[in-house]
Amino acid sequence: KDAVPSLIEMLKGDSEHPWTHEAAAKGLGGIGPASEAATGLLLDRLRAQKTPREKVPYASALGGIGRTAAEAEPDLIAGFREAVQLVKTETSATFIPQAFASALGGVGGEAAAEVLAPYVTDDDLRGNPGAEGVMHGLSRLGPLGVPALIAALKCHAPGKRNLPEHLRQDAAGFLARMGPDAAPAI
């Protein structure tokens with residue numbers, strides 16, 4: 001907590017090296033909710049980036065801060081959607097929607113659940129690159145993410161686009177790690 005003011009100053013600074021801002025963002029996100037005072041500045045940095053790849057450190061930091069950074073949810077939803085489009089042309093970029101999904105899970109609410117759920121439940125979207133990251137984001141949403149994770153477990157019916165077995169296993173693992181929040185799965 002004592003580091004937060006210094007990290008905020010690093011984030012504000014006009015460094016020649018973008019890594020300075022990214023390192024500060026990483027530190028703030030790692031500290032968690034005690035970094036809430038940095039939310040507005042992290043949002044400014046997120047919005048100032050041109051590509052989804054450049055936005056990842058700031059999105060991740062906001063996700064690390066958690067629910068106290070809920071004002072970031074619309075920007076993270078937009079970033080997630082932009083990242084999903086990027087993966088269609090740059091298949092090596094699957095970590096980008098995963099990072100946004102995880103961040104959404106950290107800060108999000110019902111809107112985040114509505115955006116993420118189709119990526120494990122909808123026949124046309126299910127199993128796309130980054131599905132593990134989406135499930136991680138859903139698990140971070142707590143009870144709001146449980147219905148989509150349960151649906152992922154059930155994606156193995158004839159005539160449907162089935163979720164690969166390893167992703168169904170991931171869904172089971174995320175539910176297990178959620179503890180009491182996963183009670184609706186029982």
Side-chain angles (χ1 to χ4, degrees), residues 28-36 39 42-43 46 52 55-88 93-157 160-186:
L28 290 162
I31 290 170
S35 296
E36 178 184 4
T39 299
L42 287 164
L43 265 170
L46 177 84
K55 294 176 183 182
V56 165
Y58 308 104
S60 296
L62 290 161
I65 291 172
R67 302 282 185 267
T68 59
E71 68 189 84
E73 186 177 41
D75 292 276
L76 294 174
I77 288 171
F80 174 75
R81 289 181 170 146
E82 188 179 5
V84 167
Q85 292 304 310
L86 175 68
V87 172
K88 291 178 180 179
T94 58
F95 74 94
I96 298 172
Q98 290 177 352
F100 275 96
S102 179
L104 273 170
V107 305
E110 289 181 22
E114 289 173 15
V115 168
L116 296 177
Y119 288 88
V120 295
T121 61
D122 185 276
D123 278 346
D124 294 327
L125 300 174
R126 183 181 311 129
N128 280 327
E132 296 96 333
V134 170
M135 284 192 255
H136 177 252
L138 287 163
S139 73
R140 292 189 72 199
L141 287 169
L144 290 172
V146 171
L149 292 170
I150 292 171
L153 290 174
K154 297 178 180 180
C155 291
H156 64 286
K160 289 194 168 215
R161 182 172 174 208
N162 293 322
L163 197 63
E165 193 64 27
H166 74 280
L167 292 176
R168 291 180 60 232
Q169 292 168 3
D170 286 345
F174 283 120
L175 284 166
R177 286 190 290 277
M178 288 174 70
D181 282 344
I186 298 173

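Numbers for residues simply follow the sequence, beginning at 1.
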So which atom in [X] and which in [Y] form the shortest heavy-atom distance, rounded to 0.1 Å?
X	Y	value
P143	M178	N-CE, 4.4 Å
F100	A59	CE2-CB, 3.6 Å
R67	G142	NH2-N, 4.5 Å
D181	V146	O-CG2, 3.3 Å

Is there a donor-acceptor contact under 3.5 Å from the side chain of R140 to the main chain of L104?
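No, the answer is negative, given that no donor and acceptor are paired below the 3.5 Å cut-off.
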Ignoring hydrogens and angles, tell me if any N or O in the side chain of E132 forms a donor-acceptor pair with the backbone of L167 under 3.5 Å.
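Not at all, since once roles are kept as given, no pair shorter than 3.5 Å links the two residues.
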Minimum side-chain heavy-atom gap [X]-[Y] below 4.5 Å:
X	Y	answer
L138	L144	no
P97	V87	yes
L149	S139	yes
V107	I65	no

Residues in side-chain contact (heavy atoms from CB on, under 4.5 Å) with A99, at least two apart?
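Partners of A99 by the side-chain contact (heavy atoms from CB on, under 4.5 Å) criterion, ordered by chain and then number, come out as V56, S60.
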Atom pairs and distances, donor-acceptor, side-chain atoms in residues 79-86, under 3.5 Å, two or more places apart:
| residue | atom | partner | partner atom | Å |
| --- | --- | --- | --- | --- |
| E82 | OE1 | K55 | NZ | 3.1 |

For Y58, enumerate each residue passing the ring pair (Phe, Tyr, Trp, His ring centres under 6.0 Å) test, keeping only those at least two apart in sequence or located in another chain.
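So Y58 forms no ring pair (Phe, Tyr, Trp, His ring centres under 6.0 Å) with any residue.
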Quick one: pull up CD in E36 and CG in L28 and give me the separation to the nearest 0.5 Å.
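Nearest 0.5 Å value for the CD-CG distance: 12.5 Å.
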To the nearest 0.5 angstrom, please state how far the CG atom of L62 sits from the CG atom of L42.
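Rounded to the nearest 0.5 Å, the CG-CG separation comes out at 5.0 Å.
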